[in-house]
Amino acid sequence: MRLTHFGHSCLLVEHRGAKILFDPGNFSHGFEGITGLDAILVTHQHPDHADAARLPALLDANPDAKLFSDPQSADLLAGDWTAVRPGDTFEIGELTVRGTGGRHAVIHPDLPVIDNTAFLLGDDENPSRLLHPGDSLYIPHERIDVLALPSAAPWLKIWEAVDYLRAVNPRVAVPIHQAIIAEQANGIFYGRYSEMAPDGTEFRVLAQESDTEV
């Protein structure tokens with residue numbers, strides 16, 4: 001599997017001949033020129049995960065890409081989006097994708113909680129090859145190979161992210177959702193996740209806009 005991080009929660013996954021782009025939001029960069037996508041997956045409606053201004057050009061450049069999102073985003077975004085709920089399953093080439101989770105993490109009790117579909121990608125050898133949880137700390141209670149780990153957010157403390165990393169216990173964890181902090185502060189967060197990851201988990205920071213095999 002090859003991963004390319006386009007900043008924040010935008011992640012390109014290339015595996016078994018399929019190209020899947022997650023969460024092209026307004027804090028992300030460089031995804032505008034991607035072509036040949038088989039699917040675009042959006043976990044929830046917040047603009048840092050779905051940039052309504054730049055999505056139309058991305059869809060025009062990838063007319064054959066299938067579009068999947070949480071139910072609320074499917075109603076809000078321009079394009080022919082398929083709503084994915086927890087328990088839904090669909091195929092992208094040789095890959096099977098499952099919708100899990102369902103709700104965004106609580107930012108404040110006074111704010112409404114919106115839909116958030118976490119996506120599990122699998123193949124015929126491993127049904128849990130990659131988990132992109134969006135803005136949630138959803139624990140799938142199955143062995144995850146690669147976890148896209150939310151690293152910094154208004155709804156997240158470092159200890160919560162560490163406990164989430166330990167609960168999921170993946171083979172590899174790659175940080176996402178880091179754009180809300182200054183770049184020079186990344187080491188504060190990444191250092192803790194690296195040193196406090198469970199035994200057997202590799203915490204790996206992906207170079208920006210450069211594909212990496214995991």
Side-chain angles (χ1 to χ4, degrees), residues 1-44 46-51 53-69 79 91-98 117-123 125-126 128-135 144-153 161 165 168 170-181 183 186-187 189-190 193-194 197 201-214:
M1 178 187 296
R2 303 196 69 83
L3 303 181
T4 307
H5 190 200
F6 290 96
H8 206 53
S9 289
C10 187
L11 198 64
L12 176 66
V13 178
E14 297 177 87
H15 186 55
R16 296 285 184 92
K19 291 179 65 175
I20 302 171
L21 186 69
F22 286 94
D23 283 5
N26 61 4
F27 290 168
S28 301
H29 46 73
F31 64 78
E32 300 88 348
I34 300 175
T35 57
L37 290 173
D38 295 289
I40 301 171
L41 277 56
V42 167
T43 59
H44 66 284
H46 286 158
D48 58 321
H49 295 258
D51 185 351
R54 288 189 290 169
L55 265 175
L58 181 65
L59 302 190
D60 287 344
N62 294 274
D64 296 326
K66 299 178 181 178
L67 310 178
F68 300 95
S69 74
E91 308 294 325
I92 302 174
E94 296 181 15
L95 305 183
T96 298
V97 184
R98 288 177 284 156
T117 299
F119 291 102
L120 265 172
L121 269 63
D123 54 37
E125 295 179 354
N126 186 344
S128 309
R129 185 69 69 184
L130 178 138
L131 172 62
H132 192 305
D135 278 11
I144 302 299
D145 190 42
V146 179
L147 170 67
L149 175 70
S151 299
L165 177 57
V168 177
R171 178 181 63 86
V172 177
V174 297
I176 61 170
H177 210 286
Q178 85 301 340
I180 69 163
I181 57 174
E183 185 174 353
N186 283 349
F189 294 80
Y190 294 172
Y193 301 146
S194 179
T201 292
E202 177 189 358
F203 181 80
R204 188 188 304 183
V205 179
L206 301 178
Q208 298 289 299
E209 299 185 33
S210 178
D211 65 319
T212 303
E213 187 171 346
V214 297

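The distance from atom OG1 of T96 to atom CZ of R129, rounded to the nearest 0.5 Å, is 12.0 Å. We find the CZ-OG distance between F27 and S9 to be 10.5 Å, quoted to the nearest 0.5 Å. Atom CG of N26 sits about 10.5 Å away from atom CG of L55, to the nearest 0.5 Å. The OG atom of S128 sits 13.0 Å away from the CZ atom of R171 when rounded to the nearest 0.5 Å. If you take CG on D135 and CG on D48, they are separated by 6.0 Å, rounding to the nearest 0.5 Å. Taking NE2 of H29 as the reference point, atom CZ of F6 lies at 9.0 Å (rounded to 0.5 Å).
For the pair D123 (side chain) and E125 (backbone), a donor-acceptor distance under 3.5 Å is present. A donor-acceptor pair is defined here as one N or O able to donate and one able to accept, closer than 3.5 Å; no such pair exists between the side chain of E213 and the backbone of R2. Formation of a donor-acceptor pair under 3.5 Å by the S151 side chain with backbone atoms of L149 is found in this model. Of the possible polar contacts, one joining the H177 side chain to the A152 backbone as a donor-acceptor pair under 3.5 Å is found. Under a 3.5 Å cut-off, the side chain of T43 and the backbone N or O of A118 do not form any donor-acceptor pair. Side chain of T201 to backbone of V172: no donor-acceptor contact under 3.5 angstrom is found. When atom types are taken as modelled, the side chain of H49 and the backbone of H44 share no donor-acceptor pair closer than 3.5 angstrom.
Under the 4.5 Å side-chain criterion, counting only non-hydrogen atoms from C-beta, V174 is not in contact with T212. Looking at P175 and F203, their side chains come closer than 4.5 Å, going by heavy atoms from C-beta outward. A heavy-atom distance below 4.5 Å is found between the side chains of V42 and P24. Considering only heavy atoms from C-beta on, V13 comes within 4.5 Å of L3 through its side chain. Residues L130 and V214 are not in side-chain contact: their nearest non-hydrogen atoms beyond the backbone lie 4.5 Å or more apart. When side chains are defined from C-beta on, L37 does not count as touching K66, because their heavy atoms never get closer than 4.5 Å. When side chains are defined from C-beta on, L165 counts as touching P170, because their heavy atoms get closer than 4.5 Å. Looking at heavy atoms from C-beta onward, L21 lies in side-chain contact with F31 at the 4.5 angstrom threshold.
The heavy-atom pair separating P133 from A148 by the smallest distance is CD-O, 3.1 Å. For the pair I92 and L41, the tightest heavy-atom approach, listed with the atom from each and the gap, is CD1-CD1, 4.2 Å. The two atoms that bring T4 and E14 nearest to each other are OG1-OE2, 4.4 Å, heavy atoms only. In this structure, P150 and A161 approach most closely via the heavy-atom pair O-CB, 4.0 Å. When all heavy atoms are compared, the tightest approach of N62 to G36 is OD1-N, 2.9 Å.
Under the rule for a ring pair (Phe, Tyr, Trp, His ring centres under 6.0 Å), H15 has no partner lying at least two apart in sequence or in another chain. With sequence neighbours excluded, the residues forming a side-chain contact (heavy atoms from CB on, under 4.5 Å) with L67 are I40, L59, W81, listed by chain and number. Partners of N186 under the side-chain hydrogen bond (donor to acceptor under 3.5 Å, both in side chains) rule, at least two apart in sequence or in another chain, do not exist in this structure. The ring pair (Phe, Tyr, Trp, His ring centres under 6.0 Å) check on F22 picks up H132, with sequence neighbours excluded. Taking the salt bridge (Lys or Arg N to Asp or Glu O under 4.0 Å) definition, one finds that E202 meets it with R204, sequence neighbours left out.
Note on residues 26-40: pairs passing salt bridge (Lys or Arg N to Asp or Glu O under 4.0 Å), not counting sequence neighbours, are E32-R54.
Classified by interplanar angle (parallel below 30°, tilted 30° to 60°, perpendicular above 60°), the ring pair F189/Y193 is tilted.
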Please evaluate residues L206 and I176 with respect to the criterion side chain to side chain contact (heavy atoms under 4.5 Å, CB included), reporting the C-alpha separation (whole Å), side-chain torsions for both, the decisive distance (0.1 Å), and the verdict. CA-CA 9 Å; L206 301 178; I176 61 170; over 6 Å; no
